Amino acid sequence: MANNILEMALELLEHEQKFLPSTLSAWFGDATVVSFTDNRLVLHSPSDFKQKYITDKFIEPLQNALYQLTGEAATVVVVTGEYSTPAQSASPYDDYTFERFIVGSSNKFAHAAAYAVAQRPAAENNPLFIYGNSGLGKTHLMYAIANVLRRTHPEFRIIYVKGEDFTNELITAIQKADVQSFRNKYRVVDLLLLDDVQFIAGKERTQEEFFHTFNALYEAKKQIVLTSDRPPKEINTLEERMKTRFEWGLLADIQPPDFETRIAIIRDKAVKMSIELPDEVSNYIAENIQSNIRQLEGAVKKIKAMHELMGERITVSLAENAIDALRTENPGLNPTPERIMEAVANYFYIPVEQMISKDRSKDVAYPRQMAMYMIRQELEYSFPDIAKIFKRDHTTVMHACNKIEEERKKSRQTEDVIKKLHNNIRGD
Ligand SMILES: Nc1ncnc2c1ncn2[C@@H]1O[C@H](COP(=O)(O)OP(=O)(O)OP(=O)(O)O)[C@@H](O)[C@H]1O
């Protein structure tokens, strides 16, 4: 359809709107269709002059012709100069499309929100702020938006950047006394995708710079999409004015997938990797990996590798070995309270046994409180369950968790310690 829509439209122009074939071939002979989606036809003409002429004289007749052909109102855009087709700029993220995103109850809101932004950028959902734990599809949705807009608005300037890289880039610009080019780069985009925005938190200069970039883009009606592991109000070291702005548009969370969605994702990944998984194997994976889609994908990959490299049949027992192997390679997949206590003890240089000892000295009491807090954060255990592990009363645990939470809100240092501990625990 996309390829011959132009031919069909030109035919109509000739027969119904009485344009001469020679005129049409003079202007459209070397024009190509970049895309035709969502009633938007993007044409490319290799010459500036023709692009302008077509835009001036032919947009309306073409739109009328498209209306006749499709029965729906369409828009036509003509671009010129170099443009990249998806094939020319193939990147690993080309797979991150809406088509490849499995929708379930845990992510349907975020999916719908992202989809709406892709259809109507810089309209009511600006900025779009997607949050959720690691490996649940935030980056996937961001790229899906970019992939749609790359097709439907080839003229769009799109920047994808991770919070951490944004910060580093700014630091380098400051060192080179060239903040202006940094600004120029970020303030002229049509779509800004800032992934893991929590990493700019706590860094004053970065926040200041981003604040201005945000305002400039917002006022110019450009779309901004942000992701984070938590909602703005819980990013403790984020300035109030940033939190408020992040909440101007739409907040959408992604939760861990339920069993059915996990199965659907496993099946989809298996098809993509050309491997056939018996149902009991898919079930086994879905039962054993619950909170992270990247890990579901990893398990399918590992099973495929073991099956191909060692010639083993794909059975539940192979899946069991594959998941065990993944856990050994990355113990952070499923942290246990013991692993968390160990990580915290190592961090504070105390023997892990001290965690559950009666010792109340400050050197031990603080790491113990931190371990309680981390277990609650990472595993969402109840206070009584944590109390059992530490052989203490649940009110002691509550007190510890509240205390660390309060401290975290006020102190950047505590926030950094928690971040480091999280990374040590998860092996990120
Ligand atoms: N609903 C889904 N359907 C299909 N694949 C998915 C889905 N959600 C996530 N994935 C896949 O899981 C992997 C991890 O997703 P992604 O990188 O988007 O996670 P994330 O939330 O951005 O994580 P992080 O915070 O660690 O960056 C990707 O390969 C992605 O394609």
Side-chain angles (χ1 to χ4, degrees), residues 90-115 117-118 128-148 160-167 192-201 225-232 234-235 246 251-275 277 282 285-286 289-304 326 330 332-335 377-378 418-419 422-428:
S91 79
Y93 294 111
D94 283 349
D95 268 353
Y96 284 12
T97 58
F98 285 113
E99 291 75 29
R100 289 223 81 97
F101 191 86
I102 308 289
V103 183
S105 55
S106 60
N107 59 23
K108 69 168 186 272
F109 184 66
H111 171 267
Y115 193 77
V117 165
L128 171 62
F129 190 105
I130 307 174
Y131 66 92
N133 286 342
S134 179
L136 294 182
K138 301 183 295 293
T139 306
H140 188 133
L141 284 178
M142 261 192 166
Y143 268 94
I145 297 173
N147 282 330
V148 168
Y160 166 88
V161 64
K162 285 190 177 294
E164 220 166 351
D165 295 337
F166 182 85
T167 307
L192 177 64
L193 308 162
L194 185 63
D195 207 355
D196 288 329
V197 71
Q198 72 272 13
F199 286 112
I200 69 161
V225 183
L226 308 153
T227 72
S228 173
D229 60 351
R230 59 202 107 145
E234 285 175 26
I235 309 180
F246 290 173
L251 294 183
D253 72 325
I254 303 195
Q255 296 292 330
D258 56 23
F259 184 77
E260 285 71 26
T261 315
R262 296 202 293 281
I263 292 282
I265 291 172
I266 293 165
R267 292 207 177 124
D268 177 73
K269 301 293 173 196
V271 169
K272 202 177 129 215
M273 291 180 214
S274 316
I275 170 174
L277 295 181
S282 308
I285 306 172
I289 297 182
Q290 305 188 344
S291 57
N292 186 317
I293 294 174
R294 187 177 292 120
Q295 290 163 10
L296 283 180
E297 213 171 2
V300 179
K301 239 185 240 167
K302 192 82 184 175
I303 290 172
K304 179 179 158 89
L326 283 179
N330 181 2
L333 285 188
N334 293 77
Q377 284 284 305
E378 300 286 331
I418 292 169
K419 213 181 277 170
H422 168 82
N423 291 344
N424 292 350
I425 291 163
R426 293 280 166 182
D428 284 353

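From a predicted model like this one, the values you see are computed outputs, not experimental measurements. Each ligand, and each atom within it, is numbered from 1 in the order the structure gives.
Using modelled atom types, one finds a donor on one side chain and an acceptor on the other under 3.5 Å when comparing Asp195 with Thr139.
Residues Gln198 and Tyr131 are not in side-chain contact: their nearest non-hydrogen atoms beyond the backbone lie 4.5 Å or more apart. Contact annotation: the side chain of Leu296 approaches that of Arg262 to within less than 4.5 Å [non-hydrogen atoms, C-beta and beyond].
Looking only at heavy atoms of the protein, atom 8 (N) of ligand 1 is closest to Ile293 CD1, 3.3 Å. At the top of the distance list for atom 1 (N) of ligand 1, counting protein heavy atoms only, stands Ile102 O, 2.8 Å. Among all non-hydrogen protein atoms, the one lying nearest atom 25 (O) of ligand 1 is Lys138 NZ, 3.0 Å. Here the heavy atom of the protein found nearest to atom 26 (O) of ligand 1 is Ser134 OG, 2.7 Å. Ranking protein heavy atoms by distance to atom 23 (O) of ligand 1, first place goes to Gly135 N, 2.8 Å. When hydrogens are left out, the protein atom nearest atom 28 (C) of ligand 1 is Tyr96 OH, 3.4 Å; that is the closest non-hydrogen contact.
Partners of Phe129 under the ring pair (Phe, Tyr, Trp, His ring centres under 6.0 Å) rule, at least two apart in sequence or in another chain, are Phe246.
From Asp196, atom CG reaches atom NZ of Lys138 across 6.5 Å, with rounding to the nearest 0.5 Å. Once rounded to the nearest 0.5 Å, the distance linking CZ of Phe166 with CG of Leu192 reads 7.5 Å.
Asp95 approaches Lys272 most closely through the heavy-atom pair OD2-CE, 3.0 Å.
Residue-ligand proximity, Arg100 to ligand 1, at heavy-atom distances under 4.0 Å covers atoms 3 (N), 4 (C). Heavy-atom contacts of Asn107 reach the following atoms of ligand 1: 1 (N) (cutoff under 4.0 Å). Of all atoms in ligand 1, listed by their number and element, those nearer than 4.0 Å to a heavy atom of Glu297 are 11 (C), 12 (O), 13 (C), 28 (C), 29 (O).
Salt bridge annotation for Asp268-Arg100: present, with a cationic side-chain nitrogen under 4.0 angstrom from a carboxylate oxygen.
Note on ligand 1: Lys269 sits in its first shell, one or more heavy atoms being nearer than 4.0 Å.
Between Thr139, Ile130, Asp268, it is Thr139 that holds the heavy atom closest to atom 22 (O) of ligand 1. Distances from atom 19 (O) of ligand 1 to the heavy atoms of Gly137, Ala264, Gly298 put Gly137 nearest. By heavy-atom distance, the residue among His140, Arg294, Arg262 lying nearest atom 30 (C) of ligand 1 is His140.
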Handout entry: side-chain contact (heavy atoms from CB on, under 4.5 Å) between Glu378 and Ile425, worked out
Key = CA-CA 9 Å; Glu378 300 286 331; Ile425 291 163; 4.2 Å; yes
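Using cut-offs of 30° and 60° on the angle between ring planes, the pair Phe101 and His111 is parallel.
The distance criterion of under 3.5 Å between nitrogen or oxygen atoms is not met by Phe101 with respect to ligand 1. Residue-to-ligand polar distances keep Val103 apart from ligand 1: every N/O pair is separated by 3.5 Å or more. For a threshold of 3.5 Å applied to N or O pairs, the pair formed by Ile265 and ligand 1 contains no separation below that value.
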